[in-house]
Amino acid sequence: MAKAQINPEKARWLEVLGIAMPLCLSYIPIGLACGILLHAAGFNFIMTLVVSIVVFSGGAQFILASLLTINAPLSSIFVTLFFLELRYALLGSSLSKYIKNESQHLIWLFAVSMNDENYAINYLKFATDKKWTPKDALLVEHYSLLSWSVANMVGGLIGSTISINLEVVDFALTALFLYMIVMQVQNHLTLLISLLTAVLAVFFMVLTHSILGVVIATLIASFIGFLIENTVRHHSKVPEKNWFLTKMFRPKITRTTVEDQQERSELKKNGPVEPGKDETDGK
């Protein structure tokens, strides 16, 4: 009996959908939660859908919901979201070499549809798959945008049928960013800068009586972290062994990164081999 094939004609859009599907599915639970929280902050399901398409950033939308529930000034909301989303300028620049020969229309669509997760997929595919094209990357972005927006809209509809305690918004936002911080802590320097940012944020929020204190604290702490890392790398003979930059212990599942694997592979290829032992001998 012949086996049924999912994509017998090798349609490219369907192949790309298969690559993007894990990301799209992962957006459903967090997208529903975000939609519910946005509704609790005062958005109807249509406005929730519009914000999801225009902003397309989970972190920014959670922050937006949080700031609206505490009646933060509009200026503080814009400044906070601006600095939060400024990282996309750096992410986009790392992909620019792959799409620089495309039309301005495609580049514009690509820029407005990019977020952290589809960036990670596209960067990996561009770096490892010679057949990966800018149009494929744009499809990944649109698949993820569709999944996120629909999940947000459905969450908004769910939020209209149940009552939500607005204190949940602050808890969800805090939990989200604590998770993001924990996953980004790779060495002692990032841990110290995270703690410094928290202390400075409290200080400047008390000083300014505004959420703008968080932005000021972030800029100061980022500059201090850059200054320390730059100084260490310029004055240390072996920067990777300096205490500030040495890697911290992490769970086994997250401890080995792609960069670590590449470094080990290079060492295995180019490193000295003891007489009587081959490169694969682990004894």
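Keep in mind it's a predicted model, so treat the numbers as computed, not measured. Just so it is clear, the values below take in all heavy atoms, side chains as well, and ignore hydrogens, waters and symmetry mates.
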In the single-linkage hydrophobic clustering (I, L, V, M, F, W, Y; side-chain heavy atoms under 4.5 Å), do [X] and [Y] co-cluster?
X      : Y      : result
Leu95  : Val112 : yes
Ile216 : Val199 : no
Leu146 : Val54  : no
Leu138 : Met21  : yes
Val202 : Leu195 : no

Checklist line | Those residues that, when tested against Glu102, pass salt bridge (Lys or Arg N to Asp or Glu O under 4.0 Å) (two or more places apart) | finding: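 Per chain and number, Glu102 pairs via salt bridge (Lys or Arg N to Asp or Glu O under 4.0 Å) with no residue.
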Notebook entry, point to check: Remaining members of Phe78's ILVMFWY cluster at a side-chain heavy-atom cut-off under 4.5 Å?
Noted result: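 Besides Phe78, the cluster holds Leu74.
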Item checked: Co-members of Leu227 in a cluster of I, L, V, M, F, W and Y side chains, linked at under 4.5 Å ->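 Result for Leu227 is Phe223.
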Separation between [atom1] of [X] and [atom2] of [Y], rounded to the nearest 0.5 Å:
X      : Y      : atom1 : atom2 : value
Glu85  : Thr80  : CD    : OG1   : 11.0 Å
Thr246 : Leu189 : OG1   : CG    : 10.0 Å
Phe56  : Ser144 : CZ    : OG    : 3.5 Å
Ile77  : Leu68  : CD1   : CG    : 4.5 Å
Met114 : Tyr88  : CE    : OH    : 7.0 Å
Leu124 : Ile121 : CG    : CD1   : 8.5 Å

Under the side-chain contact (heavy atoms from CB on, under 4.5 Å) rule, collect the residues that match up with [X], sequence neighbours excluded.
X      : result
Val232 : Ile228, Ser236, Asn242, Phe244, Leu245
Leu139 : Trp13, Val16, Tyr143
His105 : Ser103, Leu109
Leu219 : Phe83, Val215

List the atom of [X], the atom of [Y], and the distance in Å for their closest heavy-atom pair.
X      : Y      : answer
Ile107 : Ile99  : CD1-O, 3.6 Å
Gly213 : Thr208 : N-OG1, 3.7 Å
Ser113 : Asn118 : O-ND2, 3.2 Å
Leu106 : Pro134 : CD2-CB, 4.1 Å

Just so I know, are the side chains of [X] and [Y] near enough to count as touching, which here means a heavy-atom distance under 4.5 Å?
X      : Y      : result
Met153 : Trp148 : no
Ser57  : Arg87  : yes
Leu196 : Ile224 : yes

Margin query: Quick check against the 3.5 Å criterion: does Ser96 have a side-chain atom that pairs as donor or acceptor with the backbone of Ser93?
Written below: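 Yes; at least one donor-acceptor contact below 3.5 Å.
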Next item on the list: Please identify each residue that fulfils side chain to side chain donor-acceptor pair (under 3.5 Å) with Tyr119, with sequence neighbours left out.
Entry: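 Result, side chain to side chain donor-acceptor pair (under 3.5 Å) vs Tyr119: Ser94.
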Next item on the list: Could you list the residues that satisfy ring pair (Phe, Tyr, Trp, His ring centres under 6.0 Å) with Trp243, not counting sequence neighbours?
Entry: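 Ring pair (Phe, Tyr, Trp, His ring centres under 6.0 Å) check on Trp243 returns His188.
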Note to self: Strictly by side chain to side chain donor-acceptor pair (under 3.5 Å), give each pair with a member in residues 123-135 just once, sequence neighbours left out.
What the structure shows: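 Pairs touching residues 123-135 that pass the test: Asn122-Trp132, Lys125-Asp129, Thr133-Asp136.
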Name the atoms and distances for all side-chain donor-acceptor pairs under 3.5 Å in residues 24-53, with sequence neighbours left out.
from	atom 1	to	atom 2	distance (Å)
Ser26	OG	Leu23	O	2.6
Tyr27	OH	Asn115	ND2	2.5
Tyr27	OH	Glu117	OE1	2.8
His39	ND1	Gly159	O	3.2
Asn44	OD1	Ile46	N	3.2
Asn44	OD1	Met47	N	2.7
Thr48	OG1	Asn44	O	2.9
Ser52	OG	Thr48	O	2.7
Ser52	OG	Asn152	OD1	2.6

Next item on the list: Only pairs at least two apart or in different chains count here, so list each salt bridge (charged side-chain N to carboxylate O under 4.0 Å, His left out) that has a residue in residues 63-84.
Entry: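 Residue pairs with at least one partner in residues 63-84: there are none.
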